[in-house]
Every structure is written in structure tokens, then in C-alpha cells.
Number of protein chains: 2
Amino acid sequence: MNTLSFGLLSLISHSPLSGYDLMLKIQPFWPAKHSQIYPLLATLEKNHQVTYELVSQSDKPDKKVYSITSKGIESLRNWLTEPASDPVMRDELMLKAYCISLVDPATSRKLFNARLEHYRNKISRFEDRISQIRAASGLQENGFPPHNSPNFGAFILLHKALMSSRTNIQWCEWVLSAIPPEEI
Amino acid sequence: MNTLSFGLLSLISHSPLSGYDLMLKIQPFWPAKHSQIYPLLATLEKNHQVTYELVSQSDKPDKKVYSITSKGIESLRNWLTEPASDPVMRDELMLKAYCISLVDPATSRKLFNARLEHYRNKISRFEDRISQIRAASGLQENGFPPHNSPNFGAFILLHKALMSSRTNIQWCEWVLSAIPPEEI
DNA sequence: TGCTTTTATGTATTTATTTACATATTTCAA
DNA sequence: TTGAAATATGTAAATAAATACATAAAAGCA
């Protein structure tokens with residue numbers, strides 16, 4: 001069973017989800033296309049880690065909603081006792097940054113401004129969802145959901161995403177401050 | 001030509017490097033095994049983006065040292081004008097964090113303490129290398145290498161790595177502060 | 001009515017990446 | 001002196017991931 005399979009199990013452990021919903025929801029943590037997800041769900045079902053229910057929808061196409069089994073929960077508990085492998089980050093901008101001195105300041109600025117936009121767009125979504133969890137859990141300023149609450153995981157992940165985005169924005173702005181302004 | 005090929009070109013554009021050196025050097029930006037790198041270098045050479053020189057060593061095995069050609073530089077300049085694709089981050093700890101409420105605080109702590117160690121180990125190496133560049137370029141406190149200097153790229157990348165590591169450490173410590181202490 | 005988008009699920013093919021297999025030299029430690 | 005580790009280069013096989021192919025229902029628009 002590969003990491004993505006455990007990731008799907010992890011999401012399903014919170015609440016039943018369709019393959020399509022899983023595909024959308026797992027993107028921030030472990031990007032994957034639906035073509036990778038559907039076959040893994042079929043395998044998880046074959047191994048009795050999950051079950052699914054066909055749900056007819058009148059407004060949208062029908063779907064399969066997957067739920068975790070007790071065997072699936074057991075798999076997750078076991079997986080959690082093993083150390084997490086190192087994170088893998090692949091960012092084309094890093095490779096471009098290394099040889100950025102080959103091009104003019106205008107070309108350079110474009111790259112970092114685009115990335116700045118990328119992170120700014122993400123940040124507002126994270127802030128909204130943190131507020132939602134705070135409200136739903138009745139938390140004050142610096143409060144956490146309890147460690148044994150399912151909200152704990154989502155809460156700390158949103159904070160990580162928010163902190164990382166803010167740091168990346170700071171970095172982009174710092175880099176842009178060192179690129180000479182375009183002359184007119 | 002894929003992203004890794006451009007990454008190799010980008011590193012070679014600073015100074016000639018062997019396949020083995022490239023493999024070691026590219027890890028922080030675009031992890032890759034030597035088995036992926038050697039065939040790409042052969043293709044780059046076939047397309048006249050790089051040339052290599054056989055270098056005999058008395059203390060170590062002989063090696064092929066690759067240098068960039070003017071055609072290679074042209075490829076890089078062209079590539080730099082295209083927008084950088086979105087960064088891809090895959091972190092098993094994020095998937096584990098999402099269902100962390102399934103396990104006891106002790107198991108939970110182990111995961112985050114291990115990750116804390118991971119980032120602390122990285123941070124000291126980055127600080128050392130930033131000092132090296134500062135000294136070599138004769139820079140003061142808040143100074144940058146000039147935008148058209150090859151050092152500019154390495155300098156901003158090291159700062160990004162340092163800033164990200166610090167943020168990740170803060171996040172791990174913040175999470176650990178919310179996990180109940182182990183009872184004895 | 002025909003066109004696009006979103007939701008929904010799947011398979012086939014190609015590309016990217018990892019792991020394993022293979023070889024060779026030097027240094028260092030048990 | 002045998003074995004491990006680092007340096008060095010390569011290929012083969014397996015797995016992971018992306019792209020493309022395929023179908024379909026509903027909604028909204030022109």
C-alpha cells in the first residue's frame with residue numbers, strides 16, 4: 001500500500017467521501033489526478049479497508065461514497081506509529097532562480113510577481129477555513145481543538161499552509177526588493 | 001526537454017560539474033537519483049546543450065565534467081521567459097497529521113519531534129553557506145549580491161531554505177505545545 | 001439546439017521517478 | 001585483509017504520476 005492510499009484512507013476516516021471529492025480534497029497535501037485515485041479506491045475496497053455506497057443524485061451524476069472500515073482504521077493507526085518519510089518539494093522556480101542572473105530584471109520580476117500572486121490567492125482561502133473551524137469548535141484567539149478531536153488535524157494543517165504561504169510571500173517580496181526597477 | 005534537464009543545465013551554467021556532483025547539488029531543489037540524471041546528461045550532450053571532459057583523478061575514480069555550451073545558455077534564457085509551473089509538495093506528515101486524533105499523544109509527539117530534528121539539522125548548514133557567500137562577495141548585514149551576479153541565485157535560494165525551515169520549526173513547536181504531555 | 005462547464009467514474013498510454021542490478025577505484029576501520 | 005563507505009558511471013525493472021482517451025448526466029448560456 002503506497003502513501004497516496006494511506007492519504008485517501010486518512011481523509012475518509014473523517015467522513016465518507018466520493019472519489020471525486022477525495023481528488024479535490026487531497027490536492028493541498030498530496031497532489032494526484034483522478035486517474036490515480038479511482039484504481040487505488042478499488043484496491044482499498046477489495047482489501048476491505050473501505051466500503052462504498054452508491055448514491056443517486058437528481059441534480060448531479062450518481063456517485064460512490066466511500067466509508068472507512070474498522071480494518072481501515074487499524075491500518076491508519078499502524079501507519080501512524082511509523083516515522084514519516086522526508087517531505088519532497090519540487091519547484092521549478094527554484095531551478096530558475098539559480099540561473100536568474102542570465103536574464104534582465106523585467107523577466108526576473110515577472111517570475112517572482114507571478115509566484116507572489118499564487119501565494120496571495122491561497123492565503124485568503126486558508127484564513128476563511130480556519131475561522132470556520134474556530135467558529136464550529138467554539139474556540140477563542142489562541143485555542144486549539146482538543147488533541148483527540150478530528151478537527152485537530154485539519155486545524156494544524158491549515159495553520160501550516162497559512163504560515164508557509166506567509167513566509168513564501170515575505171521571501172518573494174524580499175527578492176523583488178533586490179531586483180533593480182525597470183527603467184522607462 | 002523536461003524540468004530536471006533544465007535544472008541540470010541551470011546548475012552547470014554556474015560552473016562545470018560531474019554527474020555525481022550534480023546529483024548531490026540538485027537534491028534541495030529537485031530531488032533525483034543518479035539513475036535519472038546520467039541518461040539526461042547523455043541526451044543534453046547529444047543535443048549540444050553541454051559538453052564534457054574526461055577528468056582523471058588519482059585519489060578517486062575518473063569522472064566526466066560537464067560544461068554548458070552557448071546553445072545551452074540560450075535554452076536557459078528562453079526557459080526563464082516562460083512562467084514557472086506551480087510548486088509540488090508531497091509530505092507524508094501532512095497526511096498523517098490529518099488523522100492524528102486516532103492515536104495517543106506519545107505516538108503523536110514522536111512524529112513531530114522527528115520532523116523538528118529534520119529541520120534543525122538543515123538550518124545550520126544553510127546558515128554556514130550564507131556566511132560563506134557573504135564573505136566571498138564582501139557583503140554587509142542586509143546586502144545582496146548584484147542581480148547580474150551568479151551569486152544572486154544561490155543567495156536567494158539559501159535564504160528561502162532558511163526561512164522555510166524556521167517556519168516549519170515554529171509550526172512543529174506550536175503543534176507540540178498543543179499535544180498533551182505524556183503521563184508518567 | 002448546440003456548446004461549455006461541473007460533476008462523476010473509469011481505462012490506456014506515456015512519462016517521471018525509484019529501486020535494483022552492475023562495475024570499478026580509493027580510503028578507512030575492524 | 002576483508003568489509004564498509006564514498007566516489008564515480010551506467011542500465012534494467014518496477015512503481016508512481018501525468019496525460020490522454022472514453023462516457024455520461026445536469027446546468028447554464030448563446
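Letters go in sequence order (proteins before strands), and every chain restarts at 1.
For D/dT9, one of the phosphate oxygens OP1 or OP2 lies less than 4.0 angstrom from a side-chain nitrogen or oxygen of B/Tyr38. The shortest distance between the side-chain N/O atoms of A/Trp30 and the OP1/OP2 oxygens of D/dA17 is below 4.0 Å. Between C/dT7 and A/Tyr20, a contact under 4.0 Å exists linking OP1 or OP2 to a side-chain N or O. A/Arg90 has a side-chain polar atom (N or O) that falls below the 4.0 Å cut-off from OP1 or OP2 of C/dT17. Phosphate proximity of D/dT7 to B/Gln57: absent, as no side-chain N or O sits under 4.0 Å from OP1 or OP2.
Mapped onto DNA chain D by nearest heavy atom, B/Lys64 and B/Lys60 fall at different nucleotides, with B/Lys60 at the one closer to the 5' end. Annotation: of the two residues near DNA chain C, A/Gln36 and A/Asp62, the 5′-most nearest-nucleotide partner is A/Asp62.
Taking only side-chain atoms of B/Leu4, from C-beta outward, the nucleotide of D/dA8, C/dT17, C/dT9 with the closest atom is C/dT17. When each of C/dA16, C/dT9, C/dT11 is scored by its nearest atom to the side-chain atoms of A/Ser18, the top-ranked nucleotide is C/dT9. Side-chain proximity of A/Tyr66 to the nucleotides D/dA17, D/dA6, C/dG10 is greatest for C/dG10.
The closest side-chain donor-acceptor pair between B/Ser137 and B/Asn151 falls under 3.5 angstrom. Judged purely by distance below 3.5 Å, without hydrogens or angles, the side chains of B/Ser165 and B/Asn168 never pair a donor atom with an acceptor atom.
At a threshold of 4.0 angstrom between heavy atoms, the contacts of B/Ser35 include nucleobase atoms, whether or not backbone atoms are also involved. Base engagement by A/Lys33 is indicated by at least one non-hydrogen atom pair under 4.0 Å involving a base atom.
Below 30°, between 30° and 60°, or above 60°: for A/Tyr66 and A/Tyr52 the angle between ring planes is between 30° and 60°, a tilted geometry.
For A/Arg109, the CZ atom counts as densely surrounded, since its 6.0 Å shell holds more than 12 non-hydrogen atoms of other residues, nucleotides or ligands.
A/Asn2 has its CG atom 17 Å from the P atom of D/dA14, to the nearest Å.
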